[in-house]
Number of protein chains: 2
Amino acid sequence: MKENSQERLLRLLSLFADEEKGEWSVDEASVHLGISASQTYRYFRTLASAGYISAYTTGRYVLGPAIIELDRKLRIGDPMIHAARSIMREMLSTAPSASIAILCRYFRGQVMCVHEEFETYQHHEISYERGQPRPLYQGAASKVILANLPLRQARAYFNHAPDKFNQFDLGANWTEVKRSLRELRSQPAIITAGELGTSASGISAPIYDDKRVLGSVSLVLPITVATEEVTSSLMPVVAAAGQEMTSKMQHLAQLQQ
Amino acid sequence: MKENSQERLLRLLSLFADEEKGEWSVDEASVHLGISASQTYRYFRTLASAGYISAYTTGRYVLGPAIIELDRKLRIGDPMIHAARSIMREMLSTAPSASIAILCRYFRGQVMCVHEEFETYQHHEISYERGQPRPLYQGAASKVILANLPLRQARAYFNHAPDKFNQFDLGANWTEVKRSLRELRSQPAIITAGELGTSASGISAPIYDDKRVLGSVSLVLPITVATEEVTSSLMPVVAAAGQEMTSKMQHLAQLQQ
DNA sequence: AACAATTTTTTCGTATTGTGATAATTTTGC
DNA sequence: GCAAAATTATCACAATACGAAAAAATTGTT
């Protein structure tokens with residue numbers, strides 16, 4: 001873990017992504033990163049004057065407006081999200097009302113929702129909230145990615161949390177897990193119910209970029225309407241969306257101007 | 001403009017906030033930043049492996065998932081947004097339906113919407129889109145910040161775009177501008193109509209942090225319902241919201257644990 | 001208003017490493 | 001398969017990032 005000064009700066013910024021801690025003082029960050037106080041002050045100043053963090057009161061720093069600005073650009077300009085929009089809307093139009101469509105991405109050994117589409121805005125129990133990393137073993141949108149990962153990687157993740165894999169019905173040992181992953185891969189789309197919260201059911205298909213899996217597209221239905229009939233009729237719809245995304249992503253790679 | 005390596009890295013990342021260019025190749029960034037190609041490659045690699053940018057196809061880089069992750073944390077954890085939520089909702093409840101409430105922040109000599117609240121989701125002509133910097137001279141949410149800036153700063157901005165100041169009725173020369181800013185400051189909230197797009201009208205009040213202006217809260221109404229009566233009756237509501245925000249921000253500064 | 005306690009900035013010498021130029025390597029498009 | 005582009009590796013040197021400690025500025029309290 002040889003680290004240069006830019007990587008340290010980004011690591012400091014990443015502190016602010018921490019799930020349970022949203023604000024940092026210089027001292028806290030200093031001890032957490034193992035950097036001297038004076039240097040940490042220099043980092044804070046650099047990030048603050050560029051707008052990435054901001055002192056909402058003396059000594060307490062939180063994320064700054066530059067993040068919002070970049071997020072807007074990503075929302076507007078990201079090629080994958082752009083390609084997904086129409087596909088997700090079409091998929092959504094065939095689903096029961098109160099369903100939502102989500103686009104997830106494999107990121108840092110986890111799965112993160114990067115875009116959602118819904119017919120009408122309404123509060124739903126958030127299963128995959130945009131921007132919140134989720135583990136690979138829980139929920140359809142995650143499992144379909146896990147199942148399409150190279151076996152070596154899947155195994156590494158299994159070794160890291162075997163109990164969780166068992167808890168979410170992926171198997172108690174590697175042989176079982178390997179078998180259930182193969183089983184999941186053999187289906188056009190995979191279905192789970194109540195794995196994230198208790199009120200939602202998911203139907204997911206993988207998205208590829210040439211060889212390796214990039215992410216997944218999913219429909220999330222209220223579990224009350226997710227009967228066997230409904231989900232099995234939607235399975236080919238979601239599977240088609242995944243394939244369409246895959247071909248669009250490969251198309252994109254050609255069109256570079 | 002002495003710049004260290006971390007500042008250069010952030011300047012590279014900020015390229016991706018550019019309004020008309022969402023993707024960069026190493027060469028383009030290299031010439032744009034005036035950095036050697038080899039070093040630009042190193043910067044790209046650093047940003048990419050931390051997830052801040054991502055190559056969606058060989059040689060073309062766009063913003064990466066880490067941005068989404070940080071934006072979520074900001075949405076959830078930002079103290080100013082947190083304080084504003086209930087105030088904005090209450091303000092919204094007294095406004096005509098199809099109105100929205102926005103929270104803006106003074107940032108880099110511009111004004112940026114950092115949060116919006118609405119009763120029901122619906123497509124409206126976006127006047128202040130979240131994350132898009134807007135000039136100080138255009139629209140109520142901007143003008144109220146401009147009017148409460150130190151005169152020296154206001155004058156600097158005026159000198160930078162005097163024609164724009166005139167176009168948006170702030171005056172043709174500094175004496176006139178100074179007078180109209182004083183006039184704006186004297187009102188509890190300020191009202192504009194049709195300055196951003198033609199279909200919206202804005203009512204805005206400033207938010208202070210101790211001495212200097214931090215941002216503004218605003219109601220944005222469909223121009224069709226924004227009659228003289230309606231807006232003048234809402235003016236005190238918005239003004240009160242601004243004052244409440246100001247006192248909440250000052251309260252926050254005390255509560256540091 | 002004066003004081004103590006933080007927070008932030010400077011100074012400074014040294015070792016670290018960031019840097020550009022060039023070459024080597026890998027990946028990609030045809 | 002080959003040509004072209006993209007990416008990484010090598011290297012030598014100057015630039016600067018770094019920690020420690022002191023100075024300055026800001027803040028909270030009496």
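When reading the values below, keep in mind they use all heavy atoms of this one structure, side chains included, and skip hydrogens, waters and symmetry mates. Given the structure is predicted, the values throughout are model-derived calculations rather than measurements. Proteins get letters first, then strands, A, B, ... in listed order; numbering begins at 1 in each.
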Short heteroatom pairs, N/O only, protein and nucleotides 3-7 of chain D, under 3.5 Å:
unit_1, atom_1, unit_2, atom_2, d
D/dT7, OP1, B/Gly59, N, 3.4
D/dT7, OP1, B/Tyr61, OH, 3.2

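The distance between atom CG of A/Leu10 and atom C1' of D/dA17, rounded to the nearest whole Å, is 16 Å. The distance from atom CG of A/Asp209 to atom C1' of C/dT27 is 14 Å, rounded to the nearest whole Å. Spacing between atom CD of A/Gln250 and atom P of C/dG29 amounts to 12 Å, rounded to whole angstrom units. Separating the CD atom of A/Glu28 from the C1' atom of C/dT8 is a distance of 16 Å, rounded to the nearest angstrom. Distance A/Glu7 CD to D/dA17 P: 15 Å, rounded to the nearest Å.
The pair B/Lys248-B/Asp209 fails the salt-bridge criterion, with no side-chain N (NZ, NE, NH1 or NH2) lying under 4.0 Å from an Asp/Glu carboxylate O. We find that B/Arg60 and B/Glu28 are joined by a salt bridge, their nearest charged nitrogen and carboxylate oxygen being less than 4.0 Å apart.
Side-chain contact between B/Arg105 and B/Val111 is absent, with no heavy-atom pair separated by less than 4.5 Å. Side-chain contact check for A/Glu69 versus B/Pro133: some heavy-atom pair is nearer than 4.5 Å.
The neighbour count for A/Arg85 CZ, taken as heavy atoms of other residues, nucleotides or ligands under 6.0 Å away, is above 12.
Using modelled atom types, one finds a donor on one side chain and an acceptor on the other under 3.5 Å when comparing A/Tyr56 with A/Glu23.
You'll find the ring centres of B/Phe44 and B/Tyr61 inside the 6.0 Å limit.
Between A/Phe165 and A/Tyr137, the ring planes are tilted. Angles from 30° to 60° get that label.
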Treating primed atoms plus P, OP1 and OP2 as sugar-phosphate and everything else as base, which nucleotides of nucleotides 10-24 of chain C get B, S or - for protein heavy atoms under 4.0 Å? SB------SBBB---

